[in-house]
Amino acid sequence: MSRIGKKPVAIPSGVTATIDGGKLNVKGPKGILSLTLREEITYALEDGGISVQPANDSKAARAFWGMQRTMVQNLVTGVTEGFTKKLLINGVGYRAAAQGKVLNLKLGYSHDVNIDVPEGLEVKTPDNTTVEISGADKQKVGQLAAEVRRWRKPEPYKGKGIKYDGEFIFRKEGKKK
């Protein structure tokens, strides 16, 4: 039994949800998101919420139950509040600048790294060592943050690189004399 899956997803005011043609569409102030429904799970719109239950007692249905409920919750949270990832850049000469729909990174390579921002996401650089990625779709926000981080992962000796805000980088001592 999934503890997460048992709870229905509450739909706040200003958000509408519809199930049609194997898709769940959620519309709110931040946009419209949709989720392709799995046949192992049954979805039901009930009084002010979306109920997610396994369609049968198969192992696959039980495995998808909690995950599908969390994905529905992410849709509702995305259209109401949205999601944000904050990246911190550490290193001499490492900088970031958002220029329209392009994120420009100077990371010590012989060239600048330009990353196109996908539709539906917004990238801000409050200062030249901070990148804030925000949007309604949690998967897209996390994917873009991972792609930015991939260019310079934090290294354990000096801590140089791009890390998530709040991420702990295990530091190593280095050579001894």
Which atom pair, heavy atoms only, marks the closest approach of [X] to [Y]?
| X | Y | answer |
| --- | --- | --- |
| Ala55 | Glu39 | CB-O, 3.8 Å |
| Val79 | Gly31 | CG1-O, 3.4 Å |
| Lys30 | Gly78 | CB-O, 3.7 Å |
| Ala44 | Ile19 | N-CD1, 4.4 Å |
| Leu33 | Ala136 | CD1-O, 3.5 Å |
| Tyr43 | Val72 | CE2-CG2, 4.3 Å |

Beyond-backbone contact of [X] with [Y], side-chain heavy atoms, under 4.5 angstrom:
| X | Y | result |
| --- | --- | --- |
| Asn74 | Thr70 | yes |
| Asn90 | Pro154 | no |
| Ser51 | Gln53 | yes |

Which ring-ring contact (aromatic ring centres under 6.0 Å, His included) pairs, counting each pair once, include a residue from residues 95-134, with sequence neighbours left out?
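ring-ring contact (aromatic ring centres under 6.0 Å, His included) check on residues 95-134 returns Tyr109-His111.
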So does [Y] get a backbone contact from the side chain of [X], meaning a donor-acceptor N/O pair under 3.5 Å?
| X | Y | answer |
| --- | --- | --- |
| Trp65 | Ile41 | no |
| Arg69 | Ile4 | yes |
| Arg95 | Leu105 | no |

Return a table of donor-acceptor pairs under 3.5 angstrom between the side chains of residues 160-169 and protein atoms on other chains or two or more places apart.
from: Glu167; atom 1: OE1; to: Tyr164; atom 2: N; distance (Å): 3.0
from: Glu167; atom 1: OE2; to: Arg149; atom 2: NH2; distance (Å): 2.7

Interatomic distance, [X] atom [atom1] to [Y] atom [atom2] [nearest 0.5 angstrom]:
| X | Y | atom1 | atom2 | answer |
| --- | --- | --- | --- | --- |
| Ile89 | Asn128 | CD1 | CG | 8.0 Å |
| Lys124 | Lys86 | NZ | NZ | 11.0 Å |
| Gln139 | Phe83 | CD | CZ | 11.5 Å |
| Leu103 | Asp112 | CG | CG | 11.0 Å |
| Arg152 | Leu107 | CZ | CG | 6.5 Å |
| Leu24 | Ser34 | CG | OG | 8.0 Å |

Connected via hydrophobic side-chain network under 4.5 Å: [X] and [Y]:
| X | Y | result |
| --- | --- | --- |
| Val102 | Trp151 | no |
| Leu45 | Leu35 | yes |
| Leu88 | Val123 | no |
| Tyr94 | Ile133 | yes |

NZ of Lys7: more than 12 outside heavy atoms within 6.0 angstrom?
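Incorrect, the count does not exceed 12.
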Over 12 foreign heavy atoms within 6.0 Å of CG, Asp57:
no
Return the set of residues passing side-chain hydrogen bond (donor to acceptor under 3.5 Å, both in side chains) with Thr77 (not counting sequence neighbours), or none when no residue passes.
Gln73
Which residues satisfy the side-chain hydrogen bond (donor to acceptor under 3.5 Å, both in side chains) test with Thr84, sequence neighbours excluded?
none
So side chain to side chain donor-acceptor pair (under 3.5 Å) across residues 114-123, not counting sequence neighbours, yields Asn104-Asn114
Side-chain donor-acceptor pairs under 3.5 Å in residues 9-18, sequence neighbours left out?
none

